[in-house]
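Data block below; observations after.
For the single chain, residues carry numbers from 1 onward in sequence order. Reckoned from all heavy atoms, side chains included, excluding hydrogens, waters and symmetry mates.
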Amino acid sequence: MGVAFDSISFKASLCDGCGDCMTACSQAKGGASRISIVPGAKAGSFETALCRQCGDPKCVQVCPSGALDKDGGNGIIGWDASKCVDCLLCTAGCAYGGIAVDESVARVGKCDQCDGDPACVKVCPTGALEFRKAGSIFNEYGAKEDLFVPGLSGCQGCNSELIMRHAMRKIGRNSVLATPPGCIPGMGSVGYNGKTGTKVPVFHPLLTNTASMLSGIRRYYDRIGRKDIVVMALAGDGGTADCGFHAVSGAAERGEKVLYVCVDNEGYMNTGMQRSGTTPYGSWTSTTPVGEHMQGKTQDAKNLPLIMTAHKCRYVATASTGYMEDLYEKLDRAIAASFEGFSYLHIYSPCPTGWRIPSSKVIDACRLSVDSNFNPLWEYTNTSGLRFTHSPDNAHPVSAYVKMIGKYRHLSPDQLAHIQAKVDEQVALLKLMAAESPPPPAAHRAPAGSSTPAGAEPSQPARREIARN
């Protein structure tokens, strides 16, 4: 397996040209800034000149003294001042303007990403600069065993398959998995002809009783002293928001020690693309068609993650594969919380087939749904309250998101205005909840597990991984 590296990303659409990043870099390095904000091609737009730590760096190739070299461990192109002859050929070799020159000393200055904590990123007020740690995730988990077999029958570009493979690599073998009817078992996780496509114990509950069955399994493992097993669901939005909701709500109300992951593709996509409770307003589906008498769904979607916060769960979060670092961090917290009470993770999952988008655009749709606040990223605990994990400010208009999704192609201006208004209303409510966090101590629920006679104590350490391979 190859090696990947973390990197600083820049979103030109969010940059307002304030220059705070340049000031912070200059102060951190004690000289000229290694990042430059420059005017963009369009009036009022901005671009950045910053070392991209290229995989095949031209600056290193043209350096006559060997002062520049790429570190194979962290991917940083380092500059050795003792070897540099100040010829400045590297500045000509870099096509991105990524090597700065400190005019006061006539020497080059190179971005070294501040040992993994870039000063420029920390001060960016708009979120235009972001330190992406996907490289570390790839290095840490890429070599771990994929707990689903190759060749599952998912559609091309299926985001649900991406979610389940990533989630189970993170969670590991010490788990029992429930996959109720939906796309995930449909692609072979529970198997065909007696052979399963999953390498951990997996069962196929009804669409209505997933959380109830998991509650029983959790209590059984507690009773026999196996407190290192993650008992979890990978369920679709239909089995969670609609006919399975009573079981989910009941398990959350009882504080069952379960990790429930809802993979929300906004419909019953494996049985004909019918609408579900989480299908957004205006969406085309096979049961909310577009024609003379109907223009897509006429109701707004349930906000299921917010409903789960009303249950005072141990942990509730929204996530997206467009932001994998955020998803992995939330998986960590969701797993830990599931040993103390009900833990709910809602992951948005565009369906290339049902949403009518090219499979190559799925991740772009994930990112834009977050960047437009259509699906804001946040998390909630019953002790600290709600907080955003991705800034809801400076969002793209919803029109930028829906125009890339085929199921919204028919939207009228009035429908689009309604969707934008609902998004704004949702963000305003979340901001209000975040501002009021944390809740008063008196509002905290009783310790989870108190209704489980042989349950694990909250003070017990987190699970230990049992290696089987």
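Side chains of Ser249 and His311: a donor on one and an acceptor on the other come within 3.5 Å. Checking Tyr141 against Lys170 by side-chain atom types alone, a donor-acceptor pair falls below 3.5 Å. Side-chain atoms of Thr285 and Ser283 include no donor-acceptor pair closer than 3.5 Å. Side-chain contact of Gln426 with Asn303: a donor-acceptor pair under 3.5 Å is present, judged by distance alone. Tyr315 and Glu379 form a side-chain donor-acceptor contact under 3.5 Å, judged by distance and modelled atom types alone. Side-chain contact, Ser349 with Asn265: no donor N or O sits under 3.5 Å from an acceptor N or O.
Trp284 does not carry Lys407 over the face of its six-membered ring by the limits of under 6.0 Å from the centre and within 45° of the normal. For the pair Lys133 and Phe138, the cation-pi test (distance below 6.0 Å, angle within 45°) is failed.
The OG atom of Ser136 sits 10.0 Å away from atom CG of Asn74, with the distance rounded to the nearest 0.5 Å. For the atom pair Lys257 NZ and Glu340 CD, the distance stands at 9.5 Å (nearest 0.5 Å). Taken from OG1 in Thr318 to CD1 in Ile347, the straight-line distance is 10.0 Å, to the nearest 0.5 Å. Expressed to the nearest 0.5 Å, how far CZ of Arg173 lies from CG of Leu147 amounts to 6.0 Å. Rounding to the nearest 0.5 Å places CE of Met294 at 10.5 Å from NE2 of His410.
Using modelled atom types, one side-chain atom of Thr287 and one backbone atom of Arg275 make a donor-acceptor pair closer than 3.5 Å. At distances below 3.5 Å, not a single donor-acceptor pair connects side-chain atoms of Thr288 with backbone N or O atoms of Gly296. Asn209 places a side-chain N or O within 3.5 Å of a backbone atom of Leu206 that can act as its donor or acceptor partner. Looking only at distances, a side-chain donor or acceptor of Lys297 sits under 3.5 Å from a matching main-chain atom of Ser276. Side chain of Ser343 to main chain of Leu259: no donor-acceptor pair is present (N/O by atom type, distance under 3.5 Å, no hydrogens or angles). Counting only distance, with no hydrogens or angles, the side chain of Ser286 and the backbone of Gly272 share a donor-acceptor pair below 3.5 Å. In terms of modelled atom types and a separation under 3.5 Å, the side chain of Glu266 and the main chain of Gly277 share no donor-acceptor contact.
Counting non-hydrogen atoms of neighbouring residues, nucleotides and ligands closer than 6.0 angstrom, the NZ atom of Lys199 exceeds 12 such neighbours.
Nearest heavy atom pair, residue Cys366 against residue Thr321, reads SG-OG1, 3.3 Å. The two residues Asp146 and Arg165 make their nearest non-hydrogen contact at OD2-NH1, 2.6 Å. Taking each heavy atom of Ser189 and Leu152 in turn, the nearest pair found is N-CD2, 4.4 Å. When all heavy atoms of Leu430 and Pro376 are compared, the closest pair comes out as CD1-CG, 3.6 Å. When every heavy atom of Leu234 is checked against every heavy atom of Pro180, the shortest pair comes out as O-CD, 3.6 Å. The two residues Thr278 and Ala241 have their closest heavy-atom pair at CG2-CB, 3.6 Å.
At a threshold of 4.0 Å, the pair Glu145-Arg169 does not count as salt-bridged, since none of the basic side-chain nitrogens sits closer than that to a carboxylate oxygen. Looking at Lys227 and Asp222, no side-chain N of the basic residue comes within less than 4.0 Å of a carboxylate O on the acidic one, giving no salt bridge. Classification of Glu256 and Arg218 as a salt-bridged pair fails, no side-chain N sitting under 4.0 Å from a carboxylate O.
Between His390 and Tyr323, the ring planes are tilted. Angles from 30° to 60° get that label. The aromatic rings of Tyr344 and His346 lie tilted to each other, with the angle between the two planes from 30° to 60°.
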Item to check | Pair Tyr380-Leu306, side-chain contact (heavy atoms from CB on, under 4.5 Å): steps then yes or no | outcome: CA-CA 9 Å; Tyr380 163 89; Leu306 268 184; over 6 Å; no

Checklist entry - Is there a side-chain contact (heavy atoms from CB on, under 4.5 Å) between Lys330 and Leu345 once you walk through the steps? => result CA-CA 8 Å; Lys330 287 173 177 173; Leu345 186 58; 4.2 Å; yes

Next on the checklist: For a side-chain contact (heavy atoms from CB on, under 4.5 Å) check, start with the C-alpha distance between Val231 and Ser175, then their side-chain angles and the critical distance, and finish with the verdict.
Outcome noted: CA-CA 6 Å; Val231 176; Ser175 54; over 6 Å; no

Checklist entry - Given Arg132 and Glu325, is the salt bridge (Lys or Arg N to Asp or Glu O under 4.0 Å) satisfied, shown in steps? => result CA-CA 7 Å; Arg132 304 299 303 266; Glu325 306 96 319; 2.8 Å; yes

Next on the checklist: Run Asp371 and Lys11 through salt bridge (Lys or Arg N to Asp or Glu O under 4.0 Å) and show every step you take.
Outcome noted: CA-CA 11 Å; Asp371 293 341; Lys11 293 181 180 178; 3.4 Å; yes

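In this structure the side chain of Arg314 never reaches within 4.5 angstrom of the side chain of Thr381, judged on heavy atoms.
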Table please: side-chain donor-acceptor pairs of residues 391-399 below 3.5 Å, with sequence neighbours left out.
from   : atom 1 : to     : atom 2 : distance (Å)
Ser391 : OG     : Asp393 : N      : 3.2
Asp393 : OD1    : Lys431 : NZ     : 2.9
His396 : NE2    : Ser13  : OG     : 3.4

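Evaluated for a ring-ring contact (aromatic ring centres under 6.0 Å, His included) with Tyr401, the options Trp355, Tyr348, Phe374 yield exactly one hit, Phe374.
Residues forming a side chain to side chain donor-acceptor pair (under 3.5 Å) with His418 (at least two apart in sequence, or on another chain): Asp300.
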